[in-house]
There are 2 protein chains.
Amino acid sequence: MTTDNGGRPRAGRNRSRNRKNRVTVKDVAERAGVGTMTVSRALRSPDSVSAKLRERIEMAVADLGYVPNRLAGGLASSRTRTVPVIIPSLSNAVFPDIVEGISSVLQRHDLQILLGNTQYSLADEEALVSTFLSWSPDGVIITGLEHTERTRRMLAAADIPVVEIVEWGEAPIDMNVGLSHVAAGRTMGEYLIGQGYRRIAFVGPQMDRDVRAAKRLAGLRAALAAAGQEGGPALSLDRPSAVRAGGDAISQLLGEAPDIDAVFFANDDMAVGGLLECQRRGIAVPGTLAIAGFNGLEFSGEVMPRLTTILTPRHEIGRRAAEMLVTRLAGQPVAATRVDVGFTLLRRESA
Amino acid sequence: MTTDNGGRPRAGRNRSRNRKNRVTVKDVAERAGVGTMTVSRALRSPDSVSAKLRERIEMAVADLGYVPNRLAGGLASSRTRTVPVIIPSLSNAVFPDIVEGISSVLQRHDLQILLGNTQYSLADEEALVSTFLSWSPDGVIITGLEHTERTRRMLAAADIPVVEIVEWGEAPIDMNVGLSHVAAGRTMGEYLIGQGYRRIAFVGPQMDRDVRAAKRLAGLRAALAAAGQEGGPALSLDRPSAVRAGGDAISQLLGEAPDIDAVFFANDDMAVGGLLECQRRGIAVPGTLAIAGFNGLEFSGEVMPRLTTILTPRHEIGRRAAEMLVTRLAGQPVAATRVDVGFTLLRRESA
DNA sequence: GGCCTTGACGGTAGCGCTACCAGCGGAAGG
DNA sequence: CCTTCCGCTGGTAGCGCTACCGTCAAGGCC
């Protein structure tokens, strides 16, 4: 047992005891009566070792319970089978879906995820990239196309596959999978205008930091401009996206701009919050006020009326990003290095 | 630039070029006119180096853009500032909250998270633990108290702080933060019985794998038994928890056991799905059918009627687990190594 | 049958860092 | 003024693994 309930301060120093008993390649090599290199090869590329030795080595590994030390391997080869995944937040339901998609591919290829959370801060992102690179990762998956100059430089200099995800656009550092949030915002704007709404408000979370929410707003404004319309107010909340935030936003909007006839929320959780707030207040949706969301989270299709929203293929973004990375790592060419996964307007009842 | 758009297969082999240019402690030492050890010390424990040298070294580091190689450092010291976090799934909204809590503490202490996803499989968990340990992590955070014997052995032998989270119980490997899911299930059962419900059904996701959902059911059954009642059917779905799954479960239950008067869902997302399905079908909640959930996800309080549920302090679990780990790593004793964070029954309108 | 190719195998030299310990100079004490 | 002690500093020896290349045996060829 490693604990003694009282919580003895098990020093972080001096793990030598731990080491003394450690099984190394050398032990395996001796046991199998071969050289260390043969053991190393047998484990990494079994085909390059004769069947007989391979078998002996496998037995020795099993007998001794040998687990290779990845630090040593990584140091020697600068390949670590490690992929940092850098996202702005986990509380926004969008990112777990993406990470799940990434994870489904990477785990199959024996690649470990290092998770980093930037809190939508480019400075934090830069710090994360720096430490992650000190792990000699085999590749990097990072959210968005906007980074500090130093972040871009470090990633480019690392000479490993880099996939920028979620947003699709020009001049990625290396590879890119995502969608145009401006186009998505415009599509929703055009749809709402086409439905006859005129005073369309927008609600986004912390838009000074969440660039993609801001782009959706830009798209909406483009659509309004093209239609020669003015639209309604745009609200940038000072807290992360959440159901409750959407409800509060509705209350605020109704106070400030009671003439609005539609609200486009930058995220479904807020939109559903808005929808439910309307129900509580007895406001007819979409009769009095139309509500639209973004992302196509599962429960947006379960509320009544169902939420009109834009479905983003989050799992696919993660999966494809990971696949591109894996392909590159296998030394194969990646057919398309800039992938626009698009989006789908879900016309439902709320707008 | 590292890309050439066509996707040239950048070989995984031969990163020597990369290496050649790498700035090492030696370069910094030369530049600052000191020995490598002094550089190493200046970076890890600045106080043990004279102010003059420290300053010179800091300048050299900045000038050269030195970033220490963590693999080499880890190999030499067997300390890596790395903490694997092992959870069953990211798609269950519960776990992102926990990871967020962990992350908020660990990032502050310059500890990296290695994320592992077991898909509720103990065999996958064992494989994950094995690879993670080969990284010489400084500690481990792992979900649940049930593991394979080998998993437990490996973790105990690693001689690092281990925190088992989410579930609270006897004989943890090392430290433990969570709550009793049996007690929580019983509490909800007692409440429902107290409210006069008699035919109480239960719906859980993949209960052969999700041990904690099964324990909530066990708690409910204990409450029913104590009250001398029989309850209703228990449904174990064959897919992960989701809103849609809850709606389908309601449909199935109404077909199979139309006399039920309450449904206790093992998760809020399913419960909300059930609630919304009832609304679509015009079934009065709680009049005809009461609905209860579990976890206290945010939107459970926004639907109408609001969902009666059990609030679990997910962020707190993550935060405290990380804090215990950090305390141990600092060589300080942890006051309580087994922490029951408890739960709160949220009596609302749906049951 | 001798020579050269081919492929499996192993020795050795690092990868970049830190633990260990020795050295050295200055402060304190006799 | 010399000794003792202490704290800063740096040389050296690994940490455990893999890249590189040399060795050696087997097989193919003329």
Side-chain angles (χ1 to χ4, degrees), chain A residues 11-30 32-57 61 64 66-82 133-136 138, chain B residues 11-30 32-57 61 64 66-82 133-136 138:
Chain A
R13 319 286 114 193
N14 193 352
R15 299 233 183 118
S16 31
R17 187 169 60 79
N18 188 11
R19 271 190 189 165
K20 238 186 331 201
N21 305 328
R22 173 144 205 142
V23 181
T24 72
V25 257
K26 213 170 161 184
D27 300 317
V28 177
E30 273 169 22
V34 299
T36 59
M37 261 323 290
T38 309
V39 174
S40 177
R41 268 194 220 99
L43 295 175
R44 260 173 317 114
S45 45
D47 295 337
S48 62
V49 173
S50 69
K52 204 179 103 189
L53 286 193
R54 195 190 320 142
E55 198 177 317
R56 286 224 312 263
I57 290 168
V61 166
L64 299 170
Y66 171 64
V67 178
N69 181 328
R70 302 233 176 185
L71 291 170
L75 180 59
S77 67
S78 27
R79 263 170 289 112
T80 55
R81 306 215 62 78
T82 267
L133 288 181
S134 71
W135 281 101
S136 306
D138 284 9
Chain B
R13 320 287 112 192
N14 193 353
R15 300 235 182 115
S16 32
R17 187 169 60 80
N18 188 11
R19 273 187 188 164
K20 238 186 333 198
N21 305 329
R22 174 144 203 142
V23 181
T24 72
V25 255
K26 212 169 161 185
D27 301 318
V28 177
E30 275 170 21
V34 297
T36 59
M37 261 323 290
T38 309
V39 174
S40 176
R41 269 195 220 98
L43 295 174
R44 263 174 316 115
S45 45
D47 295 338
S48 61
V49 173
S50 69
K52 203 180 105 191
L53 287 192
R54 194 190 321 142
E55 197 177 319
R56 285 225 312 265
I57 290 168
V61 166
L64 299 170
Y66 171 65
V67 178
N69 181 328
R70 302 233 176 185
L71 291 171
L75 181 60
S77 68
S78 22
R79 263 170 289 112
T80 56
R81 308 216 61 79
T82 267
L133 288 181
S134 71
W135 282 100
S136 306
D138 284 9

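Sequence lines set the chain letters: A, B, ... in the order given, protein chains first and strands last, and positions in each chain run from 1. Remember, it's a predicted structure, so these values are computed and weren't measured experimentally.
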Exercise for review: Measure the spacing between OH of Tyr66(A) and NZ of Lys26(A) and express it to the nearest 0.5 Å.
Suggested key: 13.0 Å

Practice item. Find the distance between CZ (Arg22(B)) and OG (Ser78(A)) and round it off to the nearest 0.5 Å. Key: 9.0 Å

Every protein N/O lying under 3.5 Å from an N/O of nucleotides 9-12 of chain C:
from    : atom 1 : to       : atom 2 : distance (Å)
dC9(C)  : OP1    : Ser50(A) : OG     : 2.7
dC9(C)  : OP2    : Ser50(A) : N      : 2.9
dG10(C) : OP2    : Gly35(A) : N      : 2.9
dG10(C) : OP2    : Thr38(A) : OG1    : 2.2
dG10(C) : N7     : Arg41(A) : NH2    : 3.4
dG10(C) : O6     : Arg41(A) : NH2    : 2.5

Check your understanding: Given atom CG of Leu43(A) and atom P of dG16(D), what is their separation to the nearest angstrom?
Key -> 16 Å

Point to revise | Separation of dC17(C) P from Glu30(B) CD (nearest whole Å) | key: 13 Å

Exercise for review: Please state how far atom CG in Asn69(A) lies from atom C1' in dT18(D), giving the value in whole angstrom units.
Suggested key: 13 Å

Practice item. Ignoring backbone atoms, establish whether Arg44(A) has a side-chain N or O less than 4.0 Å from OP1 or OP2 of dA19(D). Key: yes

Exercise for review: To the nearest 10°, let me know how far the axis at one end of the helix from dG1(C)-dC30(D) to dG30(C)-dC1(D) is tilted from the axis at the other, five pairs an end.
Suggested key: 40°

Exercise for review: State which of dA19(D), dC17(C), dG16(D) makes the closest approach to the side chain of Pro68(B).
Suggested key: dC17(C)

Exercise for review: Return the value, rounded to whole Å, for the distance between atom CZ of Arg54(A) and atom P of dA8(C).
Suggested key: 10 Å

Review point. What's the verdict on side-chain contact (heavy atoms from CB on, under 4.5 Å) for Val39(A) and Val34(A), showing C-alpha distance, side-chain angles and the deciding distance?
Key: CA-CA 7 Å; Val39(A) 174; Val34(A) 299; 3.7 Å; yes

Point to revise | Atom-pair distance (NZ on Lys26(B); P on dG11(D)), nearest Å | key: 11 Å

Exercise for review: May I ask you to verify if any side-chain N or O of Arg70(A) is less than 4.0 angstrom from the OP1 or OP2 atom of dC15(D)?
Suggested key: no

Study note, to complete from the structure: Rounded to whole Å, the OH-C1' distance (Tyr66(A) to dG16(D)) equals 7 Å

**Study point:** Distance, rounded to the nearest Å, where Leu75(B) contributes CG and dA19(C) contributes P
**Key:** 12 Å

Practice item. Using modelled atom types only, decide if a donor and an acceptor are shared between the side chain of Ser40(A) and the backbone of Thr36(A) within a distance under 3.5 Å. Key: no

Point to revise | Euclidean distance, atom CZ of residue Arg79(A) to atom P of dG16(D) [Å, nearest integer] | key: 21 Å

Check your understanding: When rounded to the nearest 0.5 angstrom, what distance separates OG1 in Thr80(A) from CG in Leu71(A)?
Key -> 10.0 Å

Exercise for review: Check the pair Val61(A), Ile57(A) against side-chain contact (heavy atoms from CB on, under 4.5 Å), reporting the backbone distance first and the verdict last.
Suggested key: CA-CA 6 Å; Val61(A) 166; Ile57(A) 290 168; 4.2 Å; yes

Review point. Between Arg54(B) (side chain) and Ala42(B) (backbone), is there a donor-acceptor pair under 3.5 Å?
Key: no

Point to revise | Criterion side-chain contact (heavy atoms from CB on, under 4.5 Å) on Arg70(B) and Thr82(B), from CA distance to verdict | key: CA-CA 10 Å; Arg70(B) 302 233 176 185; Thr82(B) 267; over 6 Å; no

Point to revise | CA sep, side-chain torsions, deciding dist, call: Leu133(A), Val67(B), side-chain contact (heavy atoms from CB on, under 4.5 Å) | key: CA-CA 9 Å; Leu133(A) 288 181; Val67(B) 178; over 6 Å; no

